[in-house]
Colleague: 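Sharing a structure, written as structure tokens. Questions coming.
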Amino acid sequence: MPIITLPDGSQREFKSAITPADVAADIGPGLAKAALGARVNGELVGLDHKIEADADMSLITPPRGDDPCDPDALWLLRHSAAHVMAEAVQQSIPGAMLVYGPPVEEGFYYDIALPEGASISTDDFPDLESRMAKIIEADRPFTRSELSIDDGLERLKREGSKYKLDNAERAIEAGADGLSWYATGEPNQDWDDLCKGPHLPSTGKIGGFKIMSVAASSWHGDVDSDRLTRLYGTAFPDRKRLAKHLEQLEEARKRDHRVIGRKLGLFKIDEMVGQGLVLWTPAGAIVRQELQDFIGHELKRQGYEQVFTPHIAKLDLFRTSGHFPYYQDSQYPPVVDPEAMRQLVNENCTCGELSNRLREGDLDGYLLKPMNCPMHIRIFSSEQRSYRDLPVRLAEFGTVYRYEQSGELGGMLRVRGFTQDDAHLFCTEEQLQDEIAGCLELVQIIFKTLGIEAFDVRVGLRDPDASKYVGDPAHWERAEEACRAAAETLGVDWVAEEGEAAFYGPKIDFVVRDAIGRKWQLGTVQVDYNLPERFDLNYVGSDNTPHRPVMIHRAPFGSMERFIGFLIEHFAGAFPTWLAPEQIRVLPVSEKSEAYARSVHDDLLSAGRRVSLDAGSDRLQARIRIAAEQKIPYILVVGPRDAEAGSVSVRARGIERDLGAVPLQAFLEAVRVEVEERTSGAVEALFTGETAV
RNA sequence: GCCACCGUAGCUCAGUGGUAGAGCACACCCUUGGUAAGGGUGAGGUCACGGGUUCAAGUCCCGUCGGUGGCUCCA
């Protein structure tokens with residue numbers, strides 16, 4: 001006689017086996033009608049799930065009013081919507097074979113193997129959507145039917161879909177004791193799909209849905225396997241929430257760094273220059289320079305030494321480091337010495353031979369550097385090092401070149417030439433933990449100063465049963481422990497990811513999301529046992545014998561390109577005063593005040609501010625609008641009254657009104673504080689009276 | 001690299017087989033205006049590039065280049 005315990009602690013007893021639907025009905029008809037599914041002893045189940053023993057149960061219902069939607073409710077909606085979409089596709093394209101259709105973060109997708117010659121394009125979406133709408137309108141029940149493994153496999157073989165058969169075999173391997181199908185309607189009569197479930201009670205619960213995009217995918221994520229078509233969609237309990245979601249996507253696109261970057265003239269990627277190669281225009285260059293100065297200051301404090309190294313080096317260097325030819329596919333092809341090139345031409349050397357000779361080392365060439373570390377290592381080993389010298393910390397804003405696949409490139413977030421705020425630390429085993437901590441401190445300072453709060457910390461560790469790693473397991477143990485301990489000091493949640501370590505050592509990565517939700521790695525701290533070995537690095541210990549140093553690679557920004565791309569989206573182009581390409585714009589009310597405006601402008605300029613004067617023929621309103629759209633932090637409007645009083649009338653970005661007039665010197669001082677302390681609010685404080693200047 | 005879609009003025013976009021358009025931006029003129037677009041005139045295009053089909057191609061077909069979203073990859 002099952003006793004069901006509800007989330008509020010109340011209990012209900014039933015005479016025989018029941019389902020969540022029965023429990024809901026027992027509580028009330030409204031709930032029974034609204035329920036989408038349930039959690040029984042923590043497991044997400046459908047309303048038709050049989051409960052035979054005592055259980056904790058909570059019912060999953062659509063959100064009320066403006067409440068956020070329960071993740072379980074979204075999961076059910078989207079899983080079921082994926083089925084409805086699949087049915088629509090199979091109606092529209094006979095012979096389309098379904099592969100795999102899970103809910104994902106923002107919706108769901110279904111991977112489909114289309115028959116030869118068929119394709120789905122965005123033009124097909126309206127038709128597919130109207131087919132889906134009909135299925136949803138019919139409010140057909142999702143009904144589960146089960147077969148034994150043998151009968152189920154037989155059915156799948158009869159139906160002839162190798163994909164579904166593969167899914168079933170995988171499920172059996174994972175321990176399934178039967179196979180289940182979900183029909184939208186009557187089993188063996190209406191459309192159905194092999195599926196573990198659970199699903200909504202009926203299609204009518206899908207209140208709002210939309211097919212979002214179509215893309216290619218490959219079976220089992222293997223590019224050499226079958227090419228599949230992946231249809232993405234999303235679903236919500238109601239149309240209002242769908243509309244809101246679409247609106248948010250629209251808003252997010254306005255934050256896109258490619259859109260803002262163009263509007264504010266921050267950078268340009270020119271096809272004549274090359275894919276993934278960034279031109280930093282004057283405004284963007286200011287942001288970059290300010291960030292470099294900022295981190296440069298912290299580096300000095302932490303005892304780093306600045307170095308500079310070339311963009312290109314002999315192939316042999318990268319053979320020694322292992323970067324060439326191991327990562328050859330993601331490098332620009334090597335450059336061959338002109339003399340050697342002439343010789344090769346005389347020999348009628350083919351491209352294939354040339355490539356072979358470069359790979360084998362019969363011919364030396366030069367490589368655009370994919371990494372800075374080999375050069376920093378050569379600086380380290382350029383003199384005899386004592387344990388007293390360690391740690392040695394060599395820093396460089398080093399530009400590296402990687403031939404990323406063309407389909408991967410995007411704005412500034414994935415490029416082919418980028419500048420890392422790179423450094424390599426050479427230290428003893430004993431120093432490792434402190435050095436890692438120092439690196440994390442840098443990342444924290446950066447994130448805190450810039451107000452970056454939404455980020456993930458990932459600690460990449462060894463895969464316990466893999467042997468692909470270099471270095472002494474005891475050292476690994478210690479390094480991993482050092483990484484965990486250092487991550488712990490951050491005071492934020494972090495996740496340990498086994499198998500995500502580099503082959504040469506464990507690492508700590510900082511991951512953020514862009515405007516459309518994609519994840520990108522920014523800062524990274526990596527321990528390396530491999531390169532010290534390859535380059536035979538050593539230092540003389542207190543015991544007067546040579547020892548191998550440990551290396552740390554670290555880049556708190558990651559790369560200037562990706563970091564600033566992200567930062568543009570983080571601030572939606574509205575950089576804080578210290579970073580803003582233009583900090584202040586002075587607008588004379590009319591020509592009569594132009595001379596005073598100019599003197600204000602000149603004073604600000606002498607004080608080191610980035611300022612401009614707009615004395616154009618547009619009306620004041622128009623000039624304010626133009627300056628506001630440029631996201632300039634402060635607009636100073638000056639007219640005859642200001643000229644008389646030696647004041648400026650201040651408008652701060654984001655506040656759509658005149659804050660009032662203050663003496664120029666007071667404004668200057670407040671801006672100085674914002675810039676030098678890399679904070680904001682000092683100017684506004686002039687008007688709230690919190691800080692009298 | 002793979003799949004789908006896209007490429008028209010500096011930017012955002014309209015134009016689907018028959019004489020290349022709009023708004024913003026730009027230049028000049030008028031306007032001198034106290035807080036988010038005053039008015040006028042003008043300049044600006046090998047419709048990404050190369051081939052093909054057609055009496056006729058921005059429009060249809062093929063290829064190349066570039067972009068976008070995914071997939072895969074990411075030292």
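Every heavy atom of this structure was used, including side-chain atoms; hydrogens, water molecules and symmetry mates were not. Remember, predicted model here, so these are calculated numbers, not experimental data.
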Colleague: At under 4.0 Å between heavy atoms, what does A/A502 touch on the DNA or RNA strands: base, sugar-phosphate, or nothing?
Modeller: nothing

Colleague: Rounded to whole angstrom, note down the C1' distance from B/C74 over to B/U12.
Modeller: 34 Å

Colleague: Could you tell me how far apart A/D509 (CG) and B/C74 (P) are, to the nearest whole angstrom?
Modeller: 13 Å

Colleague: Under 4.0 angstrom, heavy atoms only, what part of the nucleic acid is A/Y504 near: base, sugar-phosphate, or nothing?
Modeller: sugar-phosphate

Colleague: Between B/U16 and B/C73, how far apart are the two C1' atoms, rounded to whole Å?
Modeller: 39 Å

Colleague: What contact category does A/S649 fall into here, base, sugar-phosphate, or nothing, at under 4.0 angstrom with non-hydrogen atoms?
Modeller: base

Colleague: Ignoring backbone atoms, establish whether A/Y596 has a side-chain N or O less than 4.0 Å from OP1 or OP2 of B/G34.
Modeller: no

Colleague: If you look at every strand shown and take non-hydrogen atoms under 4.0 Å, does A/I516 touch a base, only sugar-phosphate, or nothing?
Modeller: sugar-phosphate

Colleague: Kindly say whether, by distance alone, the side chain of A/R227 makes a donor-acceptor pair under 3.5 Å with the base of B/A4?
Modeller: no

Colleague: Output the rounded distance in Å from OH (A/Y232) to C1' (B/C3).
Modeller: 12 Å

Colleague: Atom CD of A/Q275 and atom C1' of B/U64: how far apart are they, to the nearest Å?
Modeller: 13 Å

Colleague: Does A/R262 have a side-chain nitrogen or oxygen under 4.0 Å from the phosphate oxygens OP1 or OP2 of B/G10?
Modeller: no

Colleague: Pick base, sugar-phosphate or nothing for A/S617, based on heavy-atom distances below 4.0 Å to the nucleic acid.
Modeller: base

Colleague: Any side-chain N or O of A/R258 under 4.0 Å from OP1/OP2 of B/U68?
Modeller: yes

Colleague: Across the strands shown, which category fits A/L409 at heavy-atom distances under 4.0 angstrom: base, sugar-phosphate, nothing?
Modeller: sugar-phosphate

Colleague: Taking the six-membered ring for Trp and the single ring otherwise, decide whether the centroids of A/F426 and A/F380 are under 6.0 Å apart.
Modeller: yes

Colleague: Say you pick atom P in B/A25 and the same atom in B/A37; how far apart are they, in whole Å?
Modeller: 12 Å

Colleague: When you measure from the centre of the six-membered ring of A/F108, is the NZ or CZ of A/R78 under 6.0 Å away and within 45° of the axis?
Modeller: no

Colleague: Establish, with yes or no, whether the OP1 or OP2 oxygen of B/C24 is under 4.0 angstrom from a side-chain nitrogen or oxygen of A/K263.
Modeller: no

Colleague: Does OP1 or OP2 of B/G1 have a side-chain N or O of A/S406 closer than 4.0 Å?
Modeller: yes

Colleague: Does A/R414 contact B/C74 through a side-chain donor or acceptor facing the base, at a distance under 3.5 Å?
Modeller: yes

Colleague: Determine: side-chain N/O of A/R619 to OP1/OP2 of B/G38, distance under 4.0 Å, yes or no.
Modeller: yes

Colleague: Side-chain N or O of A/R253 less than 4.0 angstrom from OP1 or OP2 on B/U68?
Modeller: no

